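This is a predicted model, so every value here is computed, not measured.
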Amino acid sequence: MLELSGHRLALGLPGPEDGVVVWGRSPFAQRGERVATRRGVPLIRLEDAFLRSVKPGRLGGGALGLMIDPLGVHFDASMPSRLEQILSRNLLDDSNLLSRARDGIGRLRALELSKYNIHDPCAALPRPGYVLVIDQTRGDAAIRWSGATAQSFAQMLAAAMEAHPKARIVIKVHPETALGLRPGHFSAADASDRVSILAAPVSPYPLLEGAIAVYTVSSQLGFEAILAGHRPQVFGQPFYAGWGLTQDQIAPARRGRTLTKTQLFAAAMILAPLWYDPCRDRLCSFEEAVDQLEAEVRAFREDRAGHVAIGMRLWKRARLQAVFGQERPLIFRDRPGTLDGRGILVWAGKESADLPQGAAPVRRVEDGFLRSRGLGADLVPPLSLVTDDLGIYYDPHRESRLERLILAPPPPGGLARAARLRARLVALGLTKYNLPGALPDLPPGHRILVPGQVEDDASILKGGGAVRSNLGLLQAARAAHPKAVLIYKPHPDVEAGLRPGAISAADLAGLADVVAARADPVALMAACDEIWTMTSLLGFEALLRGKKVTCLGAPFYAGWGLTQDLGPVPQRRVRGADGGLLPRPSLDHLVHATLIAYPRYYDPLSRRPCPPEVAMDRLAAGDLPHPGLANRLLAKLQGRFATHAAWWRQ
């Protein structure tokens, strides 16, 4: 991060044009301070930014941001810091900056993101109506340098009890104390009939929403309390005190400006920190850092208990292990067996009725919609996978998690992010498989693209209508448009002879004007006026490019008012439980649900969870690992065993 920001790091004593860098106010920083003073060179202090990682640094969590401060350090009230200078002198009135800050506040609250993110959104919260008292780790520099002491915590608790004589008091333990890494200031001895100690890994924003008052010394949770609408009582002098947003027991002398919480956030989260993108190894914006943290936190929350994976083919297991097994390695089985607190991952097409219901969370797994450069049938591993705890996106007979995401309001800034993602995806010419191809000569006229499908594909078996064959699709399109130019594009797996769905040349005659074999789907979509499909993902990709789409089945993108629907669209996508018409999502709302909120993405280069923007970069650049000979042989071997097993069952 320092090198990317223009600093050249070197060991040894500084020369006259050098500086000295130290970590905050740590005990080791004193060495650097003495050297900088003796040599008469600048001193720069580093600290973590206010969104750091999933886990604390003591558990190996790498930081996503730094505060690089040539003046002081943000938690040291004894001297000005760069953050304080921004808060004091910057007008903080730029409308674009403040809009970004408002979206940022809303997004952190919606995603429940904090400095550390090992909390569990499902952990039980106290009954609302309590006074929240926030503990910190004993000996933390942020306490001493904010003008407070260990005694300040006892004073804070006494003040909270005196000011709220009839209220319950909840003492929130610091995450590192709850993990046994560092002691705090409160213990079970402080508990009483009115006072309880909360060590459970509860999510900070719901905890703040249930509080009637918040007390803190200098914790970052006090800053988040401001974002949640509180005016906390503050017993130290943290960076957020003294701006008219807190009730300060020790008012910082240099500060007197009145700010809004949006201005405070803009300075602390957008202007002051240096943010880092670990997948692309570059500096990035605050929003891109949140994108990355969102991906990592989602993976941690879903995988923290581990999974038993069922129905997974051998060649897929390495990628599944990489995506879902970073917290606890996956256990691969044909039947669930003993779970030991783990959840169940099952390949969506392999789900069976004997899976335990209610005993453990069950997530159905399928390839995502920005998958790879190459076919799954050619054993190219996916960059994205979807997990669904309700159903699966291609089965309209039951509700899926994707449907709920489409019906739910997107998070703040979500529609703008989806619009940027869609524009870039279209500009880069990306699709699910990103196969090369040419554009054949096309006759003039009203062109309709008819994409073929694998006829035993689950999306047709589950979501097909009266027409379930490629020949039937072509016949329906021709009957509806007798004078149009029909361009039939066979499915790549069918062209490769790997899956059923081929149409004979005799049947194609008189129906298709052009058979676009091994053609570029992006160029075909651009050259055509509309698309007719059963359930093909090409229909969704055509919507992204502004094309009219007619569906004969019920794919996930049908039934929302964005397509012409001739298939059996489920009524729950149209009408609510009261029978009233549901609001219709915009295209960008559909894009946010489908490409951002629903899938999980994995970066094979950095080997970490990533947002869709990183996956798009990888697909566009093509710098992706390819399956080796061993992987191909393994798949062939498994396929042969599966064939023999089916024969023996017969």
Item to check | Salt-bridge present (Lys316, Glu366; N to O < 4.0 Å) | outcome: no

Item to check | Nearest heavy atoms of Glu613 and Arg424, plus distance in Å | outcome: O-NH1, 4.1 Å

Next on the checklist: Can you tell me how far apart CG (Leu544) and NZ (Lys547) are? Round to the nearest 0.5 Å.
Outcome noted: 12.5 Å

Checklist entry - Under the 3.5 angstrom rule, does the side chain of Arg364 hit a backbone N or O of Val346 as a donor-acceptor pair? => result no

Checklist entry - With a 4.5 Å limit on heavy-atom distance, are the side chains of Leu552 and Asp565 in contact? => result no

Item to check | Trace of the side-chain contact (heavy atoms from CB on, under 4.5 Å) decision for Ser586 with Leu415 | outcome: CA-CA 9 Å; Ser586 66; Leu415 292 182; 4.2 Å; yes

Checklist entry - With a 4.5 Å limit on heavy-atom distance, are the side chains of Pro612 and Arg417 in contact? => result yes

Checklist entry - Going by distance alone, is a donor N or O of one side chain under 3.5 Å from an acceptor N or O of the other, for Asp303 and His307? => result yes

Item to check | Any side-chain heavy-atom pair of Gln292 and Arg280 under 4.5 Å | outcome: no

Next on the checklist: If I take atom CG from residue Leu538 and atom CG from residue Leu449, how far apart are they, to the nearest 0.5 angstrom?
Outcome noted: 5.5 Å

Checklist entry - Have Asp281 and Tyr276 got a donor and an acceptor in their side chains that come within less than 3.5 Å? => result yes

Checklist entry - Distance-only, no hydrogens or angles: does the His491 side chain make a donor-acceptor pair with backbone N or O of Asp493 under 3.5 Å? => result yes

Checklist entry - Is a side-chain N or O of Arg545 found less than 3.5 angstrom from the main chain of Glu541, in a donor-acceptor match? => result yes

Checklist entry - Any donor-acceptor pair under 3.5 Å linking the side chain of Arg371 with the backbone of Val380? => result yes

Item to check | Chi angles and distances behind the salt bridge (Lys or Arg N to Asp or Glu O under 4.0 Å) call for Asp334, Lys350 | outcome: CA-CA 10 Å; Asp334 293 328; Lys350 303 293 184 180; over 6 Å; no

Checklist entry - Going through the distances and angles, do Leu425 and Leu595 end up as a side-chain contact (heavy atoms from CB on, under 4.5 Å)? => result CA-CA 11 Å; Leu425 184 148; Leu595 296 181; 4.0 Å; yes

Item to check | Qualifying residue, where the test is salt bridge (charged side-chain N to carboxylate O under 4.0 Å, His left out) with Glu288 and the options are Arg282, Arg420, Arg100 | outcome: Arg282

Item to check | Spacing of Ile531 atom CD1 and Met525 atom CE [to the nearest 0.5 Å] | outcome: 7.0 Å

Next on the checklist: With side-chain contact (heavy atoms from CB on, under 4.5 Å) as the criterion, how do Leu582 and Val574 come out once you've worked through the C-alpha distance, each side chain's angles and the decisive distance to 0.1 Å?
Outcome noted: CA-CA 6 Å; Leu582 294 172; Val574 181; 6.0 Å; no

Item to check | Check: Glu455 side chain, Asn470 main-chain N or O, donor-acceptor pair, under 3.5 Å | outcome: yes

Item to check | Heavy-atom side-chain proximity of Ile448 to Val485 below 4.5 angstrom | outcome: no

Item to check | Step-by-step side-chain contact (heavy atoms from CB on, under 4.5 Å) determination, Leu51 to Leu64 | outcome: CA-CA 7 Å; Leu51 285 177; Leu64 287 175; 6.0 Å; no

Checklist entry - Going by distance alone, is a donor N or O of one side chain under 3.5 Å from an acceptor N or O of the other, for Asp457 and Tyr394? => result no

Next on the checklist: As a test of understanding, state which of Leu511, Val467, Ile503 forms a side chain to side chain contact (heavy atoms under 4.5 Å, CB included) with Leu473.
Outcome noted: Val467

Checklist entry - Where do Arg363 and Asp389 land on the salt bridge (Lys or Arg N to Asp or Glu O under 4.0 Å) test, with the steps shown first? => result CA-CA 4 Å; Arg363 289 187 171 90; Asp389 58 334; 5.8 Å; no

Item to check | OG1-CG distance between Thr563 and Leu543, expressed to the nearest 0.5 angstrom | outcome: 6.5 Å

Checklist entry - Does a side chain donor of either His446 or Glu530 reach within less than 3.5 Å of an acceptor in the other side chain? => result yes

Next on the checklist: Taking Pro336's backbone N and O only, do any of them form a donor-acceptor pair with Arg333's side chain (distance below 3.5 Å, no angle check)?
Outcome noted: yes

Next on the checklist: Does Asp441, at its CG atom, have more than 12 non-hydrogen atoms belonging to other residues, nucleotides or ligands within less than 6.0 Å?
Outcome noted: no

Next on the checklist: For a 4.5 angstrom cut-off between non-hydrogen side-chain atoms, does Leu345 reach Val308?
Outcome noted: no

Item to check | Exercise: do Asn96 and Ser99 side chains pair donor with acceptor under 3.5 Å | outcome: no

Item to check | Residues Glu399 and Arg572 bridged, charged N to O under 4.0 Å | outcome: no

Checklist entry - Which heavy atom of Asp277 sits nearest a heavy atom of Cys284, and at what distance? => result N-SG, 3.7 Å

Checklist entry - Thr533 versus Val450: any side-chain heavy-atom pair under 4.5 Å? => result no

Next on the checklist: Between Arg422 (side chain only) and Asp588 (backbone N and O only), is there a donor and an acceptor less than 3.5 Å apart?
Outcome noted: no

Checklist entry - Is there a donor-acceptor pair under 3.5 Å between the side chain of Arg468 and the backbone N or O of Gly464? => result yes

Checklist entry - How far apart are the closest heavy atoms of Ala554 and Thr535, and which atoms are they? => result N-CG2, 4.0 Å

Checklist outcome for this item: For Leu524 and Ala516, the nearest pair of non-hydrogen atoms, with its separation, is CD1-CB, 3.8 Å

Item to check | Main-chain N/O of Leu486 paired to Arg447 side chain as donor or acceptor, under 3.5 Å | outcome: no

Next on the checklist: Centre-to-centre under 6.0 Å for Tyr602 and Phe324, is that the case here?
Outcome noted: no

Checklist entry - From Leu390 CG over to Glu403 CD, what is the distance, rounded to the nearest 0.5 angstrom? => result 9.0 Å

Checklist entry - With sequence neighbours excluded, what pairs up with Phe556 under the ring-ring contact (aromatic ring centres under 6.0 Å, His included) test? => result Phe369, Tyr393, Phe540

Next on the checklist: What verdict does the salt bridge (Lys or Arg N to Asp or Glu O under 4.0 Å) test give for Asp456 and Arg499, after you've listed the backbone C-alpha separation in whole Å, the side-chain angles of each residue and the deciding distance to 0.1 Å?
Outcome noted: CA-CA 8 Å; Asp456 64 354; Arg499 305 284 295 277; 3.3 Å; yes

Next on the checklist: Check this for me: does any side-chain nitrogen of one of Arg298 and Glu294 sit under 4.0 Å from a carboxylate oxygen of the other?
Outcome noted: no

Next on the checklist: Between His589 and Trp560, is the ring centroid distance below 6.0 Å?
Outcome noted: no

Checklist entry - Mind checking whether Tyr601 and Val323 have side chains closer than 4.5 Å, heavy atoms only? => result no

Checklist outcome for this item: Across all chains, not counting sequence neighbours, the salt bridge (charged side-chain N to carboxylate O under 4.0 Å, His left out) partners of Glu296 are Arg608

Checklist entry - Which atom names give the shortest non-hydrogen contact between Met616 and Leu421, and what distance separates them? => result CE-CD1, 3.4 Å

Item to check | Side chain to side chain, Ser384 and Arg600, heavy atoms closer than 4.5 Å | outcome: no

Checklist entry - Any sub-3.5 Å donor-acceptor pair from Glu112's side-chain atoms to Leu108's backbone N or O? => result no

Checklist entry - Charged N to carboxylate O under 4.0 angstrom, Asp603 versus Arg618? => result yes

Checklist entry - Taking all non-hydrogen atoms of both residues, which atom of Trp347 and which atom of Gly311 are closest, and how far apart? => result CB-O, 3.4 Å

Next on the checklist: Arg398 vs Asp388, test: salt bridge (Lys or Arg N to Asp or Glu O under 4.0 Å). Steps then yes/no.
Outcome noted: CA-CA 12 Å; Arg398 56 179 172 176; Asp388 200 312; over 6 Å; no

